[in-house]
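Step one of this worksheet: look at the structure below.
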Amino acid sequence: MDRKQSHNVSDLMAKIKLVKGENFVTIEHTSSLTDQELMELIPYLMKQPFIQTSKNVNILVDRKFSKETATLLKEYGFKLHDKNVTVRKVLDELAEFEDGFLLKDLSELPVAEFKRVWEASMKGSLNAPSSLNMDEQMRSVEMELGDDYKKSCMIAYENGAPIGVVMPHIEPGTSEEGRLFYFGIIPGERGKGKSRLLHKQALEILKRDFKASYYIGSTGHNNLPMLKTFERNGCAVVERNKVFKKINRNLK
């Protein structure tokens, strides 16, 4: 690769975002690339050690991209895993939210209890299932969020019983972008309007406690209840992406 090509690849890498966790890498923000740029970048990425040594590789591809891009990904072993909808909300618009659920984080909870409720909240989810087990999920939280991860791992309680999990945090590499690493209601509490209330409470926590100025959320295109929650809480759709996944089965 000559100096000019290397410089071009560096420019392209600067436009995307890499999220690295326990046994996975996710490539985001490809919508900032042209179709040709993405097709040039994919072969380069596939040669990188951090890709080749990751068990799960995910890439979010904007729907504007051509069929040739999807064909190239499939040649590298990727399969269409899901279609995601990304939303955004400016948190300055929020009013103070007082009557919320009782929330406890890992400073008050055993890790085993948090994992139990988190796993329960994933059951029957309308999103595509994760390829990580619960221990790998927890290690991903620690790796991505760093030393303060414990204050982001929260169980929501109503009348002393857990109803779900919410995981607010500031997106690494930013100072004001609020996200929820995970948000879920356990099966027995769904369909009762609690998702909208807990999500609204989580947005207030992002604004008040984490000092986020805006929120970015995403969910699978089939998760109509979560899409309705986003809409009711004033979030606007900003992206629709196809999620391609590659599993390196030769890695343990």
Side-chain angles (χ1 to χ4, degrees), residues 82 84-109 113-127 130 137 141 144-145 148-172 174-241:
D82 199 4
N84 271 13
V85 179
T86 301
V87 300
R88 188 180 192 275
K89 179 177 174 64
V90 176
L91 297 181
D92 289 344
E93 301 168 1
L94 290 172
E96 188 69 23
F97 189 67
E98 298 176 357
D99 299 324
F101 300 102
L102 173 65
L103 298 176
K104 293 183 180 181
D105 64 27
L106 286 180
S107 66
E108 306 171 271
L109 292 168
E113 171 68 1
F114 177 77
K115 287 162 62 175
R116 183 186 68 81
V117 179
W118 186 8
E119 191 167 29
S121 73
M122 293 179 177
K123 291 180 178 176
S125 172
L126 295 173
N127 289 336
S130 173
Q137 299 259 23
V141 175
E144 189 171 339
L145 304 188
D148 290 335
Y149 80 96
K150 290 184 178 181
K151 70 178 184 180
S152 293
C153 298
M154 300 178 176
I155 295 178
Y157 293 87
E158 185 180 46
N159 299 323
I163 66 157
V165 161
V166 61
M167 303 174 71
H169 67 94
I170 294 296
E171 182 69 1
T174 76
S175 58
E176 298 182 330
E177 183 177 306
R179 292 206 184 196
L180 301 178
F181 192 96
Y182 190 82
F183 176 91
I185 304 292
I186 63 176
E189 298 298 330
R190 294 172 189 164
K192 301 177 181 180
K194 295 178 183 179
S195 175
R196 181 183 65 84
L197 295 174
L198 181 57
H199 185 260
K200 187 175 181 182
Q201 185 177 0
L203 297 185
E204 178 58 36
I205 290 169
L206 283 172
K207 175 189 173 186
R208 183 188 67 223
D209 299 339
F210 288 81
K211 309 305 179 186
S213 65
Y214 64 98
Y215 163 69
I216 299 292
S218 67
T219 193
H221 74 299
N222 284 325
N223 195 340
L224 299 183
M226 194 67 219
L227 290 171
K228 181 62 71 174
T229 291
F230 285 151
E231 181 182 352
R232 288 176 175 172
N233 285 339
C235 302
V237 174
V238 292
E239 278 187 15
R240 296 180 186 272
N241 289 301

Using a 4.5 Å cut-off on heavy atoms from C-beta on, say whether the side chain of [Y] contacts that of [X].
X: Leu198; Y: Leu103; result: yes
X: Lys228; Y: Glu231; result: yes
X: Cys153; Y: Asp105; result: no
X: Leu203; Y: Lys207; result: no

Does the [X] side chain pair with the main chain of [Y], one donor and one acceptor, at a distance under 3.5 Å?
X: Glu171; Y: Arg179; result: no
X: Ser152; Y: Pro168; result: yes
X: Arg196; Y: Asn233; result: no
X: Lys211; Y: Arg208; result: yes

Measure the spacing between [atom1] of [X] and [atom2] of [Y] and express it to the nearest 0.5 Å.
X: Ile205; Y: Lys151; atom1: CD1; atom2: NZ; value: 12.0 Å
X: Ile170; Y: Leu206; atom1: CD1; atom2: CG; value: 6.5 Å
X: Glu158; Y: Lys194; atom1: CD; atom2: NZ; value: 3.5 Å
X: Phe114; Y: Met167; atom1: CZ; atom2: CE; value: 4.0 Å
X: Lys115; Y: Leu106; atom1: NZ; atom2: CG; value: 10.5 Å
X: Glu204; Y: Asp209; atom1: CD; atom2: CG; value: 8.0 Å

Output every pair passing ring pair (Phe, Tyr, Trp, His ring centres under 6.0 Å) with a member in residues 206-228, not counting sequence neighbours, ordered by first then second residue.
->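 Non-adjacent pairs meeting ring pair (Phe, Tyr, Trp, His ring centres under 6.0 Å): His199-Tyr215.
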Contacts of type side chain to side chain contact (heavy atoms under 4.5 Å, CB included), residue Ser121, not counting sequence neighbours =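 If we apply the side chain to side chain contact (heavy atoms under 4.5 Å, CB included) test to Ser121, skipping adjacent residues, the hits are Trp118, Val165, Tyr182, Ile186.
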Minimum heavy-atom distance [X]-[Y], with the two atoms named:
X: Asn222; Y: Leu126; value: O-CD1, 3.9 Å
X: Pro162; Y: Tyr157; value: N-CD2, 3.5 Å
X: Glu144; Y: Phe181; value: OE1-CE1, 3.3 Å
X: Ser195; Y: Met226; value: OG-SD, 4.3 Å
X: Thr86; Y: Ser218; value: OG1-CB, 3.9 Å
X: Leu109; Y: Lys104; value: CD1-O, 3.2 Å

Look at atom NZ of Lys150 and say whether more than 12 heavy atoms of other residues, nucleotides or ligands are closer to it than 6.0 Å.
->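 At most 12 heavy atoms, drawn from other residues, nucleotides or ligands, come within 6.0 Å of this atom.
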Are more than 12 heavy atoms from other residues, nucleotides or ligands located less than 6.0 Å from atom NZ of Lys192?
->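 Count over threshold, so yes.
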Between Asn223 and Ser125, does any side-chain donor sit less than 3.5 Å from a side-chain acceptor?
->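 Distance-only check fails for Asn223 and Ser125.
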